[in-house]
Amino acid sequence: MEQFKKALKYVSPIMIAYFPVSMTFGVLSSKQGIDFLSTMSMSLFFYTGAGQFTYLNMISIGATLFTIISTLFLMNLRMLVMSFTISKQMKDLYTGWKKVLLLSILTDEGYVLSSFSKEKMNKTNWSFHFYISLLIYISWAIGTLVGAVIGDFIPPRLGLALNIVIYIMFITMLLPGIQKQYKYIVVTLGAMIINFVLIHLIGLSAGLAMIIAIVVASLLAIPLKITEESEG
Amino acid sequence: MFIIIILLTLTTLIPRVIPLLLASKINKVPKSVDTFLLAIPYAAIGVLIFPNILTVTQIWWHGALVGIVALCFIIYRVNIFLVLAISVAMIYFLN
């Protein structure tokens, strides 16, 4: 209980900040005709903010299942980095299932909070780190639920205008990272340009263009990183 | 839908849990791999924003205009609900 209170106090700002985001997901998902159970399952099992919005957007533009799954898999590969760092921190402190439990609900935010907390992982504070991720998970689920319920009461013309919401959410997700590291502007704009060129000048299918653009633009970050360091 | 959700779940669960098996074998991941993996979401979201935002309504500049206005608000840390409300209202009345 002590650990729970401590974790709650520590993550409450994140829980409050992400509530509107998951609520928005719930609203959009139900507006797109996805049933309540599937909407909730996405937040409970798929559980990745940016990925869930990406999924909604990709089905609305008619991407194939193959394109959707490969794009999402690429996007989620970043979890490898975070999960690896946390795995290293956990060393042999906890039993296997405790490690799996903690990692299976790990998010970008949970990762940041856990690895930068003053409370370094030790034998007795597994629950503190687990609660950090669990509370974010619960808040995400409740937000989705509220949003999905509200979504059913939205009139059609307003529903159409809601199409813009997903793009605003995307911009919201990009900004914090970009403001911290400007190289991400190059990656983002690079991806947009490469995608545009591949589709309109070379004539590739949208799905293939998307995947190539994502991989090539992300590779741009590597040399940028090096210049940054040699200058700094 | 059921199968899609399982596939989607695998796309997150695999990268979340696999590192546990690797952690004891690999000491350190090269910095460039790290950088590459962390950059992917930025590229993916970029690709999804443009040019699709231009198709929010029948007229291409509607989406572009609202996107830029929203971007300015977000930079100045206006509350996200307010930004969403303004953006939706703009599209609602432009359309």
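Within every chain, numbering begins at 1; the chains are lettered A, B, ... in the order of the sequence lines, protein sequences first and strands thereafter.
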Query raised in the report: Checking A:Asn76 against chain B: side chain, backbone, both or neither under 4.5 Å from a heavy atom?
Result: both
**Report entry** Side chain, backbone, both or neither of A:Val216 within contact of chain B (heavy atoms, under 4.5 Å)
**Finding:** neither
Query raised in the report: Which region of B:Ile80, side chain (C-beta onward) or backbone (N, CA, C, O), has a non-hydrogen atom less than 4.5 Å from a non-hydrogen atom of chain A, or is it both or neither?
Result: side chain
Query - Region of B:Ile5 that comes under 4.5 Å of a non-hydrogen atom in chain A - result: side chain
Query raised in the report: Just one of B:Leu8, B:Ile4, B:Thr9 clears the side-chain contact (heavy atoms from CB on, under 4.5 Å) bar with A:Met42, so which one?
Result: B:Leu8
Requested in this report: Against chain A, label B:Asn79 side chain, backbone, both or neither, depending on which of its atoms sit under 4.5 Å from a heavy atom there.
Outcome: neither
Report task. Check whether B:Ile26 gets within reach of chain A through its side chain, its backbone, both or neither, counting any heavy atom under 4.5 Å. Result -> both
**Report entry** Toward chain B, the part of A:Phe84 with a non-hydrogen atom under 4.5 Å
**Finding:** both
Query raised in the report: Between A:Leu80 and chain B, which part of the residue has a heavy atom less than 4.5 Å away: side chain, backbone, both or neither?
Result: both
Query raised in the report: Between CD1 of A:Ile164 and OG of B:Ser87, what distance do you get to the nearest 0.5 Å?
Result: 6.5 Å
Query raised in the report: Of the backbone (N, CA, C, O) and the side chain (C-beta and beyond), which part of A:Thr24 lies under 4.5 Å from a heavy atom of chain B, both, or neither?
Result: side chain
**Report entry** Engaged part of A:Leu158 at the chain B interface, taking heavy atoms whose separation is under 4.5 Å
**Finding:** both
Query raised in the report: Of the backbone (N, CA, C, O) and the side chain (C-beta and beyond), which part of B:Tyr42 lies under 4.5 Å from a heavy atom of chain A, both, or neither?
Result: both
